[in-house]
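In what follows, chains carry the letters A, B, and so on, assigned in the order in which the sequence lines appear, proteins first and then strands, with residues in each chain numbered from 1.
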Protein chains: 4
Amino acid sequence: MATLTKLIRPLSEDAQGKRERRKEARPGELLDAALDLFVEKGFAATRAEEVAARAGVSKGTLFLYFPSKEELFKAVVRENISGRFSEWNEEFATFEGSTLEMVRYCIQVWWERIGATRASGITKLIISEARNFPDLAAFYQQEVIRPGTDLVRRILQRGVARGEFRKDLDLDYAVFSLISPMVHLIMMKHSLAPCCPQDYPLDIERYLKSIADNLLHGLCVRREAAA
Amino acid sequence: MATLTKLIRPLSEDAQGKRERRKEARPGELLDAALDLFVEKGFAATRAEEVAARAGVSKGTLFLYFPSKEELFKAVVRENISGRFSEWNEEFATFEGSTLEMVRYCIQVWWERIGATRASGITKLIISEARNFPDLAAFYQQEVIRPGTDLVRRILQRGVARGEFRKDLDLDYAVFSLISPMVHLIMMKHSLAPCCPQDYPLDIERYLKSIADNLLHGLCVRREAAA
Amino acid sequence: MATLTKLIRPLSEDAQGKRERRKEARPGELLDAALDLFVEKGFAATRAEEVAARAGVSKGTLFLYFPSKEELFKAVVRENISGRFSEWNEEFATFEGSTLEMVRYCIQVWWERIGATRASGITKLIISEARNFPDLAAFYQQEVIRPGTDLVRRILQRGVARGEFRKDLDLDYAVFSLISPMVHLIMMKHSLAPCCPQDYPLDIERYLKSIADNLLHGLCVRREAAA
Amino acid sequence: MATLTKLIRPLSEDAQGKRERRKEARPGELLDAALDLFVEKGFAATRAEEVAARAGVSKGTLFLYFPSKEELFKAVVRENISGRFSEWNEEFATFEGSTLEMVRYCIQVWWERIGATRASGITKLIISEARNFPDLAAFYQQEVIRPGTDLVRRILQRGVARGEFRKDLDLDYAVFSLISPMVHLIMMKHSLAPCCPQDYPLDIERYLKSIADNLLHGLCVRREAAA
DNA sequence: CATGAATGAGTGTTCATTCAT
DNA sequence: GATGAATGAACACTCATTCAT
């Protein structure tokens, strides 16, 4: 059982670990360290020296690769915003099964490739710091949110087109019904769950199954009883 | 049409008479100003002097009422965590209509009393700063999240008991299907929406209706075997 | 047995005490409170509000009587520098007994009228703050040190003139032999003794007797053995 | 003629190359600067930036070596409390001459090694700030005052044992007859003398000789019954 | 007169950033 | 390149002083 609180990485994982670092790896290690710290403590509360220390280099070295803490932050975000949407679009464009299966697959794949990985921290980061980095927020909106929303929208549209989903879906807004539980899960994972582990013994499989079930079939027993 | 980006409060415009003695009003004004700024910029990036200025007083005055910036933050959170759940529990315990109506009413009422008000900023604040203020996060978890979750769970249970909702609901997790769109809306309202207004021309009524519809009836046309 | 550490006044002696204060007494009470606090914590570390609180008035009232903290300090010093030297000079000018008796009497009287009283705090105060208040130091030098030294010098001279004291006394410097133990006693009383009570179980009578004995008769068994 | 007011050090005159890397030297330079300033103006009235400036570095550098102004103060005191007493004890334990010579030698050596040096400032510092730093005062009491007092006591005892000093000396208190003029001299040097130079044209040799003479032989012409 | 709420200059401390080595 | 000592701008917080009531 994959519990939410088990997913938080321990902080000092590789503080000592690999001493035989290749020089070319430096920026990557700095970005790695920075991602963890920014997600955990926020941009302002993260000290440049701490990032450097966790990456196993000196403070000065950090500024050798990134001209400022702000640029480091931006690099962290850019680095972790995968432009894999074309690949994913392809994947979903050629999907063969029912749209119901597609939705479940979509959720599963999102969890495996984003939700469960450190990439999920980026979402937390963006949402927390958006107001202080509006250009980054816009960038994220454009590179991730919009393509993601479009992808989801296309899936839903396919369902409607194929007669699987309700004709009267308000497509522009129905995407939130699918996206919200993912965003919410990320937020929990990176904020409250680490603070109150006993309150978040989430079984991810059940979580994902439950939201997929409810999303597809609704809470109600039958369809005709509109509220 | 209530658009998300219209909901951000403009700067305070008063700050009239200086040196006016009004001890009673000060703390509230400071908490008000602090809430706005903390939500907008985060705890660390908000300067004490700025909070004071927005409240129309000098820096020194802030520290007359709150011993430190951290205590101000805690006061902001505590102040805005109303213990209104007993009242709400009452309201829902004596609800007369169908549980479908109840869910719609719940969403509507949540928006009016929380989502649309500045109280929603607290959720953003907590989620953004939880790791830096774990005690506050725990406090919020206990005072808000847990009672809120319980309330929602009771509603769902009522629906199952009355035969309105599916028997096979995974109650512990179904609550997220209702809560996630609310949390997500709050996050959007306080982070990306102010940065990319053109991307968030959200019509709240449609948003709320859509998630309620989908939550209750699912995306699918009819209830066949789950995919 | 009068032990040094018993002589330190408890801080909150009259915090509540006499509520029926006469208005005319205010400045005096402020000076009283200020003296204690300045002696205990030094000028800089003493807060005006604390002085006011101990005197049982508000912060504003203090500044009603003294234009600034610095003026308060100066007033404290001036107030406690008794111009009683003319009286004392009289007393010693008409002294009838031997100069040995005179020296012992001088020490005793100093202790009773200065050393044992709160006036002794002034010396501690002046010495500690002299560099920050050079004009006050000069004032003290002129009003207290110089007359005091002169008085002592006259006593010693009387002893020499009457053949009681050694002819070869270096009068200008011999005064220190009498004054130093007094200054030292004051310093101990107001600094180290309150911090290390167990190290300063001083029996004042023995202290005064010992220094008088040694001053008058020296440590040596007989006079001719010059070192 | 060594006059007391000539002994005050002028401001530092170096501060040459900036950004010179010399980690080893910094703490010492800062402690040096801090000692001077703390002695002159007291702890509270000395600004951290001023200490740094006098040491020829920036404010930030000070906090690189000392975590706080208070720790700087403590370091200043500790640094200057040399544990040289064992060496001195040795020196006096093996002293060959008369105890009269020993007393004169003791006074002379004290002046050369402590009184005339900046170490004397520590005594002034401790006495002025004891009430604000009780733990440091206790530390000083234990590390300096007690060993010093013991050393003096042993000298006096030697004199009594060898029949050089009076049998009826009250040893516990007689130590003050020797120590007080030293403490007093330090106090004058660091407080009133710099303010009223014309009042303190002290000839140290005469001062030391006078107190030694009077201490050993007393003021009186011959040893008659104590008054 | 007395109050105490309000002020703002001043200071300790932090930390991103620089640069001599 | 890499380092880490040094910097100084920025900010939290204090407290003497003011002044409307």
| field | Toward the 5' end of DNA chain F, by each residue's nearest nucleotide, Leu64(A) or Ala44(B) | value | Leu64(A)
| Can you tell which of dG8(E), dA12(F), dC15(E) lies closest to the side chain of Ser58(B)? | dG8(E)
| query | Should stems be defined as at least three consecutive Watson-Crick or G-U pairs with both distances under 3.5 angstrom, which of them involve DNA chain E? | reply | E:2-21 with F:2-21
| message | For dA5(F) and Arg26(D) - does any side-chain N or O of the residue sit under 4.0 Å from the phosphate oxygens OP1/OP2? | response | no
| query | Would you call Asp32(C)-Arg118(C) a salt bridge at under 4.0 Å N-O? | reply | yes
| Are any side-chain N or O atoms of Glu129(D) and backbone N or O atoms of Gly42(D), one a donor and one an acceptor, separated by less than 3.5 Å? | no
| said: For dA5(E) and Tyr65(B) - does any side-chain N or O of the residue sit under 4.0 Å from the phosphate oxygens OP1/OP2? | reply: no
| query | Who passes side-chain hydrogen bond (donor to acceptor under 3.5 Å, both in side chains) against Glu50(D), sequence neighbours left out? | reply | Lys41(D)
| field | Results of side-chain hydrogen bond (donor to acceptor under 3.5 Å, both in side chains) for Ser58(B) - residues two or more places apart only | value | Thr61(B)
| request: May I ask you to decide if the ring planes of Phe73(C) and Phe133(C) are parallel, tilted or perpendicular, using 30° and 60° as cut-offs? | output: parallel
| Does Thr61(A) place a side-chain N or O at less than 4.0 Å from the phosphate oxygens OP1/OP2 of dA2(F)? | no
| Lys59(A) (side chain) and dT17(E) (base): donor-acceptor pair under 3.5 Å | yes
| Interatomic distance, Glu71(D) CD vs dT13(E) C1' [rounded to whole Å] | 14 Å
| Would you call Asn80(C) and Leu31(C) a side-chain contact if the rule is heavy atoms closer than 4.5 Å? | no
| remark: Among the nucleotides dT13(E), dC15(F), dT17(E), whichever has the atom closest to the side chain of Lys69(A) is dT17(E)
